[in-house]
Structure formats: structure tokens, C-alpha cells
Amino acid sequence: MRTNEFTRLFNIRFFLIIIVVLFLLNFGIEKVKWPAVCTQNEATPVSVGTQVSTVPESSKVWDAIDGVGYQFKNSSTEVVLDKRFEELNNLPLCENLKMAKIEQEVKNKIDDLKKQFFECISPIVSRWKGNPTAMNIEWVSKARICDHLPIFKSIGVVPFANLHEIKWAILPKCKEENVMVTLGVGHDTYAEEKLNKTLPNTKFYGADPIVEPNRQMYSEFGKFFPFAIGREPGFTKFRVLPNQHQKTRAYRFEDVTTIPFVYFLSDILKLKKIDFAWFDIEGGEFQFLDQLHRDGPLDQKGVTICQMNLEVHSKFHPPGAQVFYDFIIRVLVEKRYVFLQSLPTDVGVHRMFFVNVENEECVAKFFQTF
Ligand SMILES: *[C@@H]1O[C@H](CO)[C@@H](O)[C@H](O)[C@H]1NC(C)=O
Ligand SMILES: *[C@@H]1O[C@H](CO)[C@@H](O)[C@H](O)[C@H]1NC(C)=O
């Protein structure tokens with residue numbers, strides 16, 4: 001009897017001890033958790049907190065320090081191709097075109113375009129002689145006049161809208177593998193995705209020193225490279241958009257791994273012709289603009305750019321005003337590129353679209369008519 005009661009008493013005590021231990025353990029874990037939860041709440045605005053909780057676990061990004069990060073939408077199951085896709089997919093092969101000479105009609109049209117464009121832009125640029133600062137500030141309001149030349153209408157420049165700006169392109173008149181290079185992905189790949197759904201056979205290469213979410217976004221259709229592009233190899237300050245600054249789009253200066261422009265295009269990607277170059281690198285462009293000129297480092301490697309969307313950021317790098325000035329003066333002398341769609345982004349920041357009217361392969365591919 002006594003033994004029985006002892007056993008029962010022991011069982012009850014044992015049970016109670018287990019409950020107390022479990023309670024303490026639970027309490028202990030909570031105590032450890034609290035500070036972490038607090039810090040996150042402090043850094044996260046209230047409205048954002050609710051938004052984060054509605055995002056499925058699978059699409060959260062791990063390095064968003066403030067808990068915001070890039071908000072991925074559920075990837076839609078069905079890709080809807082652009083109306084022009086079929087037509088572009090059925091174009092004659094460019095190989096056959098290269099055999100044929102560029103038609104005299106096309107040559108005349110290009111000559112006419114160059115003549116009209118340079119006659120329009122040269123007097124405008126000469127008014128800024130020796131004054132790069134004025135040129136950078138007044139660029140869009142003055143240079144834009146030449147965008148309205150009727151001949152530009154006939155070359156078929158079409159928009160590909162990004163979330164924050166519009167990229168421009170001339171679609172090919174023959175079929176081959178197309179190459180697109182994005183420098184500065186900037187958490188925005190709408191325009192690339194549109195191009196991917198419009199133009200068959202396009203290889204996309206994108207570089208940005210901020211890895212997430214750019215890697216994840218760009219990998220949907222292309223190959224992503226996690227570094228900045230500049231003049232010299234190294235570890236240098238670049239203006240970047242960190243993942244944790246999605247809401248504010250507050251760029252900041254960070255030390256990032258930098259790969260030289262020509263080395264990237266020629267040695268890493270092994271490219272000879274880039275059909276679509278989209279450069280938006282927050283002032284980094286000034287490091288290599290002079291390498292695009294005739295007989296420059298890019299020419300020496302035999303790399304040609306057919307079309308280039310360029311954003312010019314002298315605001316974030318004042319010495320860049322001089323670099324841009326020198327670049328434009330050389331462009332006017334060499335007459336390799338015509339440019340249009342000068343549009344403002346901000347005071348001291350503008351965008352432009354350059355078209356190569358010199359390289360025969362570019363001209364044949366984008367201007368040849370059948
Ligand atoms: C995203 O997908 C998940 C799982 O497929 C689903 O539960 C969720 O409701 C979707 N969210 C949105 C915003 O469509
Ligand atoms: C890219 O385009 C191809 C068609 O060429 C399409 O099959 C694919 O789904 C597209 N990818 C994206 C992410 O839009």
C-alpha cells in the first residue's frame with residue numbers, strides 16, 4: 001500500500017517537474033527571440049510589415065536587412081509572346097543578307113540620315129564650346145530638337161518600357177542570334193522581359209554589383225554577372241541600389257568588385273557584335289565612354305555596338321560633365337553614331353539612344369529592306 005502511494009506521488013511529482021521544465025525552456029527561448037524581433041520591427045515601417053506578411057514564404061529574399069527587399073510577384077505560369085514575335089521569327093536569315101551587298105537605296109537613306117542629323121546637332125553643340133557644365137545641364141532641352149527630324153520616324157525606333165524609364169530599339173530585318181548586354185540591372189527587368197517576348201533568339205547578359213534581387217530577376221531570361229563594370233579592375237566606389245532600399249530607392253556609394261568594360265565584353269563574354277547595349281550605371285559610364293571611339297580599345301578587340309541606350313549621370317560625378325562633352329564632340333567628328341531620344345531623368349541626369357550607322361553588319365541587319 002505504502003509503495004503504491006509512493007509510486008503515485010512520485011509520478012505526480014515527476015509530471016509536475018516535466019511541466020515546469022517545459023515551461024522554463026519555452027520562456028528561455030522566447031527571451032532569446034525577443035531582441036531580434038524588436039530590431040526588425042524598428043527598421044520596418046508599419047505599412048511594410050503588413051505587406052511582408054502577405055508574401056508567400058518561397059518568394060522572400062534573404063538579405064533584405066530591413067525586411068522589405070524586392071517583392072517578387074508570383075511568377076505567372078504562362079508567358080504571353082508579343083504580337084511581333086511570329087513575324088520576327090520568320091525573317092530571312094542574316095547570313096544570306098551578308099552575302100548580298102547593302103542595297104544602294106539603304107546606303108542613300110543612311111547618308112541622308114547622317115547629313116540631316118549632323119546638320120541639326122552640330123550648331124547646337126558648338127554653342128556649348130568650352131562649357132561642359134552648361135552642356136550637361138541644358139542637354140535635353142536643346143539636343144532634343146533633332147529628335148523631331150522626320151527621317152528618324154522612318155527608321156522605326158520602338159519603345160520597351162521599364163518600370164522607371166523607357167529603353168529604345170530598332171528591331172532587326174533579318175534573323176540570327178541577337179545579343180543584348182545590360183550594365184546596371186537596378187532591380188528592374190521589365191524592358192528586357194518585353195524584348196525577350198518580342199524578339200526570338202536573343203541572348204541576354206546582365207551585370208550589377210548588387211546581387212539580389214538582380215541575379216534572381218535577370219536569370220529568368222539571361223545570364224547574370226555579380227560585379228560592376230568600369231575602366232580598371234579593382235574594388236572601387238560605385239553608386240548602387242541595395243536590396244534593402246526598395247521602398248525609398250535610396251542609392252548609396254559602396255565599394256564593389258569592378259571588371260574592366262572591354263575585358264568583360266571581349267574576354268569574358270567573347271562578343272564581337274552587341275545588338276542592344278543598355279547602360280545605366282549611375283556615373284560609372286564615364287569610366288569607359290572614351291573607349292567606344294574609332295580605333296579605341298573596343299575597336300581594337302573587334303567589338304561592335306549596334307544600338308546603345310545610355311543614361312548619363314553627371315549629377316553624381318561632376319567631372320563626368322567633361323567626359324560627356326568630350327564624348328559628344330568625338331561622336332560628331334567620327335559620325336559613327338547618330339543619337340536621339342534625349343530625355344530627362346533628373347537635373348544633371350539624362351538618357352539617350354545611339355544607333356551605329358557605320359558598321360555594315362549593323363546597317364544590314366537593322367536597316368536593310370527586302
Ligand atoms: C502566390 O502563390 C501562392 C502559392 O501558389 C498562393 O498561396 C498565394 O496566394 C499567391 N499570391 C498571390 C499574391 O497571388
Ligand atoms: C523568353 O522568350 C522565350 C521565347 O523566345 C519564352 O519561351 C520564354 O518563356 C521567355 N522568358 C521569359 C522570362 O519571359
Side-chain angles (χ1 to χ4, degrees), residues 55-64 69-97 156-227 241 243 246 265 268-280 305-309 361-362 364-366 368 370:
V55 170
E57 202 62 38
S58 59
S59 62
K60 281 187 181 167
V61 175
W62 55 92
D63 69 348
Y70 186 85
Q71 303 289 311
F72 283 91
K73 286 201 296 271
N74 278 359
S75 46
S76 68
T77 43
E78 209 186 332
V79 173
V80 182
L81 297 177
D82 188 276
K83 289 197 289 287
R84 293 163 289 185
F85 190 91
E86 262 320 296
E87 189 189 327
L88 290 162
N89 203 22
N90 289 320
L91 287 173
L93 296 181
C94 293
E95 253 172 75
N96 303 340
L97 186 67
V157 177
V158 292
F160 286 88
N162 240 346
L163 223 47
H164 304 281
E165 82 280 314
I166 293 174
K167 307 289 191 195
W168 303 95
I170 299 172
L171 293 171
K173 308 295 181 288
C174 61
K175 188 177 169 181
E176 65 173 355
E177 188 176 274
N178 310 294
V179 173
M180 143 111 229
V181 174
T182 310
L183 302 186
V185 177
H187 312 192
D188 187 358
T189 53
Y190 269 56
E192 281 90 345
E193 279 176 51
K194 274 182 199 150
L195 189 74
N196 175 63
K197 289 174 210 161
T198 306
L199 191 56
N201 295 332
T202 309
K203 280 244 176 348
F204 291 81
Y205 304 100
D208 198 300
I210 296 298
V211 181
E212 298 300 343
N214 294 318
R215 181 195 59 84
Q216 211 170 331
M217 297 172 86
Y218 210 88
S219 303
E220 284 284 312
F221 50 86
K223 175 82 190 114
F224 178 76
F225 295 84
F227 40 70
L241 177 60
N243 192 16
Q246 290 297 334
L265 300 178
I268 297 182
L269 300 183
K270 304 203 173 355
L271 299 174
K272 285 293 169 206
K273 178 158 71 62
I274 297 157
D275 297 291
F276 309 100
W278 291 1
F279 300 159
D280 183 1
I305 295 177
C306 291
Q307 301 177 26
M308 173 172 72
N309 280 274
E361 276 188 48
C362 297
K365 181 169 179 178
F366 294 103
Q368 186 80 288
F370 289 88

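Being a predicted model, the structure only gives us computed values, none of them experimental. Note that ligands are numbered from 1 as they come in the structure, with each ligand's atoms numbered from 1 the same way.
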- Partners meeting salt bridge (charged side-chain N to carboxylate O under 4.0 Å, His left out) with Asp275 (sequence neighbours left out): Lys273, Lys365
- Message: Quick one, Tyr205 with Ile268, criterion side-chain contact (heavy atoms from CB on, under 4.5 Å). Give me CA distance, side-chain angles, the key distance, then yes/no.
- Response: CA-CA 11 Å; Tyr205 304 100; Ile268 297 182; over 6 Å; no
Using a 3.5 Å cut-off and no angle test, enumerate the donor-acceptor pairs between side-chain atoms of residues 85-94 and protein atoms at least two apart in sequence or in another chain.
residue	atom	partner	partner atom	Å
Asn89	OD1	Lys175	NZ	2.8
Asn90	ND2	Glu86	O	3.1

- Message: Main chain of His164, side chain of Asp188: is a donor-acceptor contact present, judged purely on distance under 3.5 Å?
- Response: yes
- Query: Between Tyr218 and Phe204, what is the ring plane arrangement, given parallel below 30°, perpendicular above 60°, and tilted in between?
  - Reply: perpendicular
- Message: Lys272: which residues meet the side-chain contact (heavy atoms from CB on, under 4.5 Å) condition with it, sequence neighbours left out?
- Response: none
Tabulating one pair per line, provide the atom names and distances (0.1 Å) for every N/O atom of ligand 2 that is less than 3.5 Å from a protein N/O atom.
residue	atom	partner	partner atom	Å
ligand 2	2 (O)	Asn196	O	3.3
ligand 2	2 (O)	Asn196	OD1	3.0
ligand 2	2 (O)	Asn196	ND2	2.6
ligand 2	11 (N)	Asn196	ND2	2.7
ligand 2	14 (O)	Asn196	ND2	3.1

